[in-house]
Colleague: 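Mind looking over this structure? Questions follow.
Every chain is numbered from 1, with letters handed out A, B, ... down the list of sequences.
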2 protein chains.
Amino acid sequence: MSRGSLPQFDPGDRPAGERLPEATVSRLPVYLRVLAGMAERGVVTVSSDQLAAGAGVNSAKLRKDLSHLGSYGIRGVGYDVDYLIYQVSRALGLTQDWPVVIVGAGNLGRALANYGGFVTRGFRIAALLDSDPAIVGSRIGRVAVRHSDELEDLIVRHKVAIGVIATPGGAAQAVCDRLVAAGVTSILNFAPVVLNVAEGVDVRKVDLSIELQILAFHAQRRSAERNGPPSEDELRTVSEGAGLPSVPGGASRLSTAAAVPSAAEA
Amino acid sequence: MSRGSLPQFDPGDRPAGERLPEATVSRLPVYLRVLAGMAERGVVTVSSDQLAAGAGVNSAKLRKDLSHLGSYGIRGVGYDVDYLIYQVSRALGLTQDWPVVIVGAGNLGRALANYGGFVTRGFRIAALLDSDPAIVGSRIGRVAVRHSDELEDLIVRHKVAIGVIATPGGAAQAVCDRLVAAGVTSILNFAPVVLNVAEGVDVRKVDLSIELQILAFHAQRRSAERNGPPSEDELRTVSEGAGLPSVPGGASRLSTAAAVPSAAEA
DNA sequence: ACGCCTTTGTGAACCAATGCACAAAGTCGT
DNA sequence: ACGACTTTGTGCATTGGTTCACAAAGGCGT
Ligand SMILES: NC(=O)c1ccc[n+]([C@@H]2O[C@H](COP(=O)([O-])OP(=O)(O)OC[C@H]3O[C@@H](n4cnc5c(N)ncnc54)[C@H](O)[C@@H]3O)[C@@H](O)[C@H]2O)c1
Ligand SMILES: NC(=O)c1ccc[n+]([C@@H]2O[C@H](COP(=O)([O-])OP(=O)(O)OC[C@H]3O[C@@H](n4cnc5c(N)ncnc54)[C@H](O)[C@@H]3O)[C@@H](O)[C@H]2O)c1
């Protein structure tokens, strides 16, 4: 509760000295969400074991992650929930407000613009852009769709540092280039394309079909080793009859076999 | 072109012996996509340098990744595009067809159901479910929304192994439990919740606000070190005035400061 | 038929991340 | 005031992943 014997006055024990490990950064938001849930339920103090359980990670890992921010726990007791929320938020840069621009107001862009969890944590939709005149002017939730010609202007005027790309793949690189040229240094890309950016620009991708393919791999592996423990001498047979579903084209084995319906997705 | 002196007959040089490293698995879909684009443009052969450039990775890494599947390159030449597509597809388990069930037909669920890139690679929407009677019966793209009571039945009948959760966070764990009980072992979760599952079930999450928070962290770090190289003695000041945007509530420093608008997102 | 030149596949050094296990710290009950 | 008990913070060993750099492979031009 009261911070006990800490050096008083927001010590920031371990200020800006060392860089947070990337793996830690990617877990902090999860901790933050679990902590927010606890705070809401009136929990005042939490141990590393409890928090780790809630976040689905090893408690040693959690403690090490938090230790990179400073020494904010109380031995024998745990962590003060509110204080930890503040420290994690600060580390992530969420004590300030981040205006975001979304480019592409199709199915996905509209879903994003409608999404409540967007605004709840320091992010604000500064603009929603599309190139289709038929859509421009309509209203999604609270934001109006503007024409993508205004991209540069809006970014500069609202000091936007984060851009979200929800256009078809074909337009993504061009949009990305414009975003970067206008000063955006962080991009979240939903288009199924590898974006090329200059050094110093940070791109993250969210890619549904990649996630599904990874899941498919594991599903296949699991069902393969359930149906038959990988004994030494089965070579080709192991990949067929492996999964539950039906095999469409019986895996011909020559160079010419384009086994994937190679349509470039919209 | 013709496979030259390879041991004939789909050798599968390195059959099912070793496990693919997880990091490799997560990159194979990217290679596959780039390869598909090349095949479509009529490219017959590709070197590791070219493919690596297209996928945005180091070429040594790419070669090592592919070497885990077997030895399918030709020294001095490169890789046969079609043949490599086939091999990567096979490794990922995409030579078979995977029926998928989507639970939750809200903004996101509808966007997913409409999404073309879904079907293009071996995935098929076997069912789209919702609990809201007002939505059940409507049609999204080609699939009709069914009531979530039918979940177990549909999963068993269609031999569904992959489930996608697009419900509000509150319903996600319950939906997850039902999916698993019905036999689903791979889950893609869009709800902002940590799912608890039994050993042997594979969960991947796609979480917009986590991605944004990670981007915010890097954006903050960049602008911090642009505005002032982290000199030794600034402690508290480094986090303020760091970013471009405005700081809303001036970071009070006591335990009671709940610095984050801790609303649990819908 | 041969040697040059390109490109693969991988050994080995490096770096990042994980998880165990425990001493030091600090609380709380008596 | 003190000792037992809880829980943190971290050193260390281990595992997993990346990158360099090069020898072996093999096509292709002459
Ligand atoms: N819908 C999904 O569930 C889903 C899932 C994963 C990935 N994606 C990807 O996300 C992207 C968007 O998907 P979607 O379903 O919303 O597609 P969509 O076709 O519904 O929407 C795309 C929108 O982008 C606009 N647009 C095109 N070029 C533009 C430009 N240069 N500037 C601004 N706007 C432009 C179009 O007018 C359209 O409104 C696609 O790349 C898709 O592959 C979608
Ligand atoms: N929209 C986005 O861009 C976005 C982005 C990231 C994450 N998310 C998350 O994805 C999820 C869905 O988002 P959304 O915008 O589509 O929400 P939404 O409210 O539009 O849709 C949710 C749907 O799930 C249905 N549902 C509720 N309980 C159910 C149950 N037990 N079984 C079956 N269906 C049930 C509801 O009837 C509703 O149709 C949410 O958890 C949200 O936080 C959404």
Colleague: Does a nitrogen or oxygen in the side chain of A:S71 sit under 4.0 Å from OP1 or OP2 of D:dG9?
Modeller: yes

Colleague: What does the inter-axis angle of the helix from C:dA1-D:dT30 to C:dT30-D:dA1 come out as, five pairs per end, nearest 10 degrees?
Modeller: 10°

Colleague: Are any of B:S48's side-chain N or O atoms less than 4.0 Å away from OP1 or OP2 of C:dT7?
Modeller: no

Colleague: If I compare all heavy atoms of A:Q220 with all of B:A91, which pair ends up nearest, and what's the gap?
Modeller: OE1-O, 3.3 Å

Colleague: Within the 4.5 Å heavy-atom criterion, are B:L20 and A:F217 side-chain neighbours or not?
Modeller: yes

Colleague: Less than 4.0 angstrom between a side-chain N/O of A:Y79 and OP1 or OP2 of D:dT6, yes or no?
Modeller: no

Colleague: Measuring only between side-chain heavy atoms, which start at C-beta, is A:L28 closer than 4.5 Å to B:Q213?
Modeller: no

Colleague: Under the 3.5 Å rule, do the base of D:dT7 and the side chain of A:R75 count as making a donor-acceptor pair?
Modeller: no

Colleague: Can you sort out the partners of A:R75 under side chain to side chain donor-acceptor pair (under 3.5 Å), two or more places apart, ordered by chain and number?
Modeller: none

Colleague: Once you round it to whole Å, what is the distance between P of D:dT15 and CD of B:E22?
Modeller: 18 Å

Colleague: Could you list the residues that satisfy salt bridge (charged side-chain N to carboxylate O under 4.0 Å, His left out) with A:R27, not counting sequence neighbours?
Modeller: A:D65

Colleague: Which parts of residues 50-64 of chain A get close to DNA chain C, meaning a heavy atom less than 4.0 angstrom away?
Modeller: A:N58, A:A60, A:K61, A:R63, A:K64

Colleague: Can you list everything that forms a side chain to side chain donor-acceptor pair (under 3.5 Å) with A:S26? Sequence neighbours excluded, please.
Modeller: none

Colleague: Considering heavy-atom distances to DNA chain C, does B:G76 or B:L66 have its closest nucleotide positioned more toward the 5' end?
Modeller: B:G76

Colleague: Can you name the atoms? Protein N/O to nucleotides 28-30 of chain D N/O, anything below 3.5 Å, with the distance.
Modeller:
none

Colleague: Quick check against the 3.5 Å criterion: does A:R63 have a side-chain atom that pairs as donor or acceptor with the backbone of A:S48?
Modeller: no

